[in-house]
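Each remark here refers to the structure printed beneath this line.
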Amino acid sequence: MPKETVNGVTNYYGPRTRFDTQAGQIGTTGAEKQLVIFFDGSNFASVRGTLPAGATVHGNTVVEITEAFNLGGTTPVINVGVSGAEGTNRVAQLSEAQAEAVGTYSVASAGTLAVNTPLAAAADIRVALGGTSPTSTGVGAAKLIVKYTTI
């Protein structure tokens with residue numbers, strides 16, 4: 001991607017995809033914050049986000065599937081959770097039916113990321129496939145929003 005720097009300000013030019021392994025935190029009015037993660041079928045394994053130490057997840061995670069995924073394997077799921085333990089310590093788990101249908105879903109968290117459970121340490125959040133021999137063909141796109149507060 002070409003870039004130009006003028007007077008210490010760098011601008012990037014060229015095409016970018018909407019779901020280019022993006023994750024970030026949005027500050028809102030008051031104590032509530034949001035972790036927002038965009039991912040797609042071709043880059044989900046490289047997407048990372050962070051919930052800081054003391055973060056407490058509030059309510060369900062909202063997941064918007066904007067392009068249907070194509071999952072294979074036996075009972076495949078998409079897990080979004082703590083790196084290395086995405087299936088058990090998660091903010092969201094999308095079933096095959098949810099992942100393969102465009103729509104917006106409200107998903108409960110589990111494990112160390114369960115609602116109203118403060119994190120003892122910062123958590124690296126990753127997206128991973130779960131189930132028996134799960135596969136993804138590289139299609140699909142989603143936006144995930146986790147609402148939390150910090151102590």
In sequence, state the C-alpha distance, the side-chain angles, and the governing distance for Leu35 and Ile145, and then conclude on side chain to side chain contact (heavy atoms under 4.5 Å, CB included). CA-CA 6 Å; Leu35 172 65; Ile145 302 171; over 6 Å; no

Applying side-chain hydrogen bond (donor to acceptor under 3.5 Å, both in side chains), name anything that partners Thr149, two or more places apart in sequence or on another chain. His58

Those residues that, when tested against Thr61, pass side chain to side chain contact (heavy atoms under 4.5 Å, CB included) (two or more places apart): Val63, Val91, Ala92, Leu144, Val146

With sequence neighbours excluded, tell me which residues meet side chain to side chain contact (heavy atoms under 4.5 Å, CB included) with Ser95. Ala97, Gln98

Supply the atom-to-atom distance Thr150 OG1 to Leu51 CG, rounded to the nearest 0.5 angstrom. 10.5 Å

Side chain to side chain contact (heavy atoms under 4.5 Å, CB included) partners for Ser136, two or more places apart: Phe44, Leu71, Leu129

Mind running side chain to side chain contact (heavy atoms under 4.5 Å, CB included) on Thr104 and Ile65 for me, showing each step along the way? CA-CA 6 Å; Thr104 303; Ile65 304 295; over 6 Å; no

Residue pairs passing the ring-ring contact (aromatic ring centres under 6.0 Å, His included) test where at least one lies in residues 64-92, sequence neighbours excluded: Phe39-Phe69

Distance check, rounded to the nearest 0.5 Å: Thr56 atom OG1 versus Leu119 atom CG? 7.0 Å

Would a distance-only check, ignoring hydrogens and angles, find a side-chain to backbone donor-acceptor pair under 3.5 Å from Asp40 to Asn43? yes

Residues passing the side-chain hydrogen bond (donor to acceptor under 3.5 Å, both in side chains) test with Glu96, sequence neighbours excluded, are none

Within residues 98-120 or reaching into it, pairs that qualify as salt bridge (Lys or Arg N to Asp or Glu O under 4.0 Å) - sequence neighbours excluded: none

Enumerate the residue pairs fulfilling ring-ring contact (aromatic ring centres under 6.0 Å, His included) with a member in residues 96-126, sequence neighbours excluded, ordered by first and then second residue. none

Go through the structure and list residues passing side chain to side chain contact (heavy atoms under 4.5 Å, CB included) with Thr137, not counting sequence neighbours. Asn70, Val139

Run the side chain to side chain contact (heavy atoms under 4.5 Å, CB included) test on Ile125 and Val80 for me, step by step, so that the C-alpha distance in whole Å, both residues' side-chain angles and the decisive distance to 0.1 Å come before the verdict. CA-CA 7 Å; Ile125 305 299; Val80 183; 3.7 Å; yes

Quick one, Lys143 with Val36, criterion side chain to side chain contact (heavy atoms under 4.5 Å, CB included). Give me CA distance, side-chain angles, the key distance, then yes/no. CA-CA 7 Å; Lys143 175 183 177 182; Val36 180; 4.0 Å; yes

Restricting to pairs with a member in residues 123-135, which pass side chain to side chain donor-acceptor pair (under 3.5 Å), not counting sequence neighbours? none

